[in-house]
Amino acid sequence: MIWTKEQRYRRIEEASKEEILNLQAAVEGCQWRQTFHIQPETGLLNDPNGFSYYNGEYHLFYQWFPLGPVHGLKYWYHTKSKDLVHWENAGIGIEPSSKFDRHGAYSGSAIEHEGKLHFLYTGNTRDENWVRHPYQCLAFMDVNGKINKLEQPVIDHVPYGYTDHFRDPKVWKAGNEYYAVIGAQRENETGCVVLYRSLDLQNWNFEGELRTSLSSFGYMWECPDYFELQDQGVLIFSPQGLTPNGDLFQNIYQSGYVLGEPLDVRTRTLTHGSFQELDRGFDFYAPQTMLAPDGRRILVGWMGLPEMEYPTDKNGWAHCLTLPRELSIRGSKLVQQPVKELQGLRKQQHNISDVLFDEKNVYEHFNGASFEMICEFENFDAEVFGVEFRAGAKEKTILKYDAVQKKVILDRTFSGEPVGEQYGTERKCSVDGTKIKLHLFVDISSVEIFINDGEEVFTSRIFPGADSKEIRFFAEGGRALFQASKWDI
Ligand code: FRU
């Protein structure tokens, strides 16, 4: 189906009851609905927005086009949770309703101020020639969950030297000042991040560009996020326009970070190491972090990518969010671990340990379509070893360690219904060690894999048939000892 501009920019109330019911029925009939991930009731989900803790609950919004699996008129949809695991749908958060956000309430962030949760987000507008005019807007939610907007934008123009690709403010507080980073494109069509400062979230001063050592690194940086962790400064962003390089930058767009000294807000200088990808899988973009009340820095990403078709499109919906991950710094790396609250999803536990010698084995109780599994391999001299999961007669998703190349490889060539094959069907990254620990969260149409306690993460959608449920352990060209625990979810 071809979506015209008119169809993509329809408001939700312009759809008839019948249209919505038909859409809901198509979604309900989809074999790939998730069981423990945030997913849209209908239509398309993209970036996580406004991730915060307020009034005793976590709040997590997402970019949402309700009427189909395409990028159209974006709303903020609101979900909330007491434990970061069980999320309740709370309805539309911000609608694109004013002169300054009429073509979409685009991405942004949240912070508590004077008892209300404030949202700083990009109002997307287009003029009669379909030229973008972005505004940075403010809205606030009270303890009853009611959201109001400030009538006028708080940043009403793009500063000199930048194009209309100017969006996704992420706000934080330092002392009694507020700061915000915004993703931008310079007039020479290179990406960067700019910094604003405010005392009250309403009057913002343009401070200038963040000085990084990445002066020509892609054409646009979306969804920046700055925070400090273990006395270091971390800048996360999603650059567009990087060229694939070996195992790196294989997806259509990237998401990653630089680590270094804390940002000097006066000189806007960030002294940092090289750009590193946050995720090595097929489907990960536009992550956002928040600071939990207990001091943990928690990240959620969009488990999808722009400009790609997915098999759920034909059922009227697309995408989900990743599980929340706690961040920490280990050496020169940002490490991601599933938040401990996720253990609350664990049902029946099964354990095995075995030595594999040039063989592939299945074990009683080791199967399923939605489960958590931790699997440690050691004492290996095999050339390759690993697991196949969501496997059946014809399908399997393969996660393996190539001990010769010293690489972890995720292979979705045979995962089921194809997706994004033009970008390849394998993802790899270097991992070294005498022990390889694989921690998987498998849902009906996704897998998130934490390698060696979060040193690397692979996040991917997969679209297998409902009866592809086998888990198989294998070693090739030698021996590997392993032990595994699996919990049904
Ligand atoms: C990233 C992004 C943001 C924008 C939003 C619109 O995926 O393009 O830059 O605010 O999505 O939905």
Side-chain angles (χ1 to χ4, degrees), residues 3 5 8-9 11-12 40 43-51 60-78 92-96 100-110 119-126 130 132-139 153 155 158 162-171 180-185 191-194 218-225 236-242 251-256 278-279 283-289 299-308 310 317-322 420 459:
W3 284 74
K5 199 193 284 177
R8 283 191 290 119
Y9 282 84
R11 300 181 56 77
I12 193 165
L44 180 141
L45 163 158
N46 57 304
D47 315 355
N49 291 159
F51 191 18
L60 177 51
F61 299 76
Y62 56 77
Q63 286 284 287
W64 186 45
F65 176 62
L67 299 178
V70 293
H71 291 270
L73 184 62
K74 294 287 170 69
Y75 292 68
W76 277 38
Y77 192 87
H78 184 192
I92 290 170
I94 303 179
E95 342 182 9
F100 302 104
D101 63 11
R102 63 182 185 275
H103 291 92
Y106 273 13
S107 285
S109 52
F119 307 107
L120 187 64
Y121 69 98
T122 300
N124 179 51
T125 71
R126 302 270 197 168
W130 208 243
R132 289 171 195 264
H133 298 279
Y135 297 97
Q136 312 311 315
C137 304
L138 195 69
I155 298 173
V158 173
Y162 303 92
T163 74
D164 53 7
H165 287 287
F166 192 83
R167 55 181 173 266
D168 312 335
K170 176 77 200 294
V171 59
V181 279
I182 297 184
Q185 179 182 61
C192 65
V193 166
V194 299
Y219 59 80
M220 170 65 190
W221 293 6
E222 295 190 307
C223 300
D225 192 342
I236 289 181
F237 57 101
S238 295
Q240 300 183 309
L242 304 184
N251 296 336
I252 182 170
Y253 300 131
Q254 273 51 63
S255 264
L278 268 167
D279 199 279
D283 307 280
F284 183 87
Y285 196 64
Q288 188 174 87
T289 72
L299 174 143
V300 166
W302 169 25
M303 213 193 300
L305 285 166
E307 292 156 52
M308 305 253 306
Y310 282 78
W317 73 286
H319 311 306
C320 60
L321 295 181
T322 69
T459 301

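Keep in mind that the numbers below use all heavy atoms, side chains included, and drop hydrogens, waters and symmetry copies. Each ligand, and each atom within it, is numbered from 1 in the order the structure gives.
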| If you measure only the distance, is there a donor-acceptor pair under 3.5 Å linking the side chains of Gln288 and Asn49? | no
| task | For the pair Phe61 and Trp76, name the ring-plane relationship: parallel under 30°, tilted 30 to 60°, perpendicular over 60°. | result | tilted
| request: Within a distance under 4.0 Å of any heavy atom of Tyr106, pick out the atoms of ligand 1 and give their elements. | output: 4 (C), 6 (C), 10 (O)
| remark: Here the atoms of ligand 1 under 4.0 Å from any heavy atom belonging to Trp302 are 7 (O)
| query | Going by the order shown, which atoms of ligand 1 are within less than 4.0 Å of some heavy atom of Ser107? | reply | 5 (C), 10 (O)
| said: Contact between ligand 1 and Thr122 is defined here as a heavy atom of the residue under 4.0 Å from a ligand atom; is it met? | reply: no
| request: Could you give me the CA-CA distance, side-chain angles and deciding distance for Ile236 and Lys170, then say whether side chain to side chain contact (heavy atoms under 4.5 Å, CB included) is met? | output: CA-CA 11 Å; Ile236 289 181; Lys170 176 77 200 294; over 6 Å; no
| Result of checking Tyr253, Phe237, Tyr162, Phe166 against Trp221 for ring-ring contact (aromatic ring centres under 6.0 Å, His included) | Phe237
| task | Just jot down the ligand 1 atoms closer than 4.0 angstrom to any heavy atom of Tyr285, in number order. | result | 1 (C), 7 (O)
| Hey, would you say the His71 and Phe65 ring centroids sit under 6.0 Å apart? | no
| field | Ligand-residue contact atoms, ligand 1 with Asp168, heavy atoms, under 4.0 Å | value | 3 (C), 4 (C), 9 (O), 10 (O)
| Quick one: nearest non-hydrogen protein atom to atom 8 (O) of ligand 1, plus distance? | Glu222 OE2, 2.8 Å
| note | Tested for side chain to side chain contact (heavy atoms under 4.5 Å, CB included) against Tyr285, the lone hit among Met303, Met308, Gln240 is Gln240
| query | Closest non-hydrogen protein atom to atom 5 (C) of ligand 1, residue and atom name please, with distance? | reply | Asp47 OD2, 3.5 Å
| remark: Nearest heavy-atom approach of Gln136 to Ile182 is CG-CD1, 3.9 Å
| field | Element-labelled atoms of ligand 1 that are located less than 4.0 Å from some non-hydrogen atom of Asn46 | value | 5 (C), 6 (C), 7 (O), 11 (O), 12 (O)
| Hey, which atoms in ligand 1 end up nearer than 4.0 Å to a heavy atom of Gln63? | 5 (C), 6 (C), 12 (O)
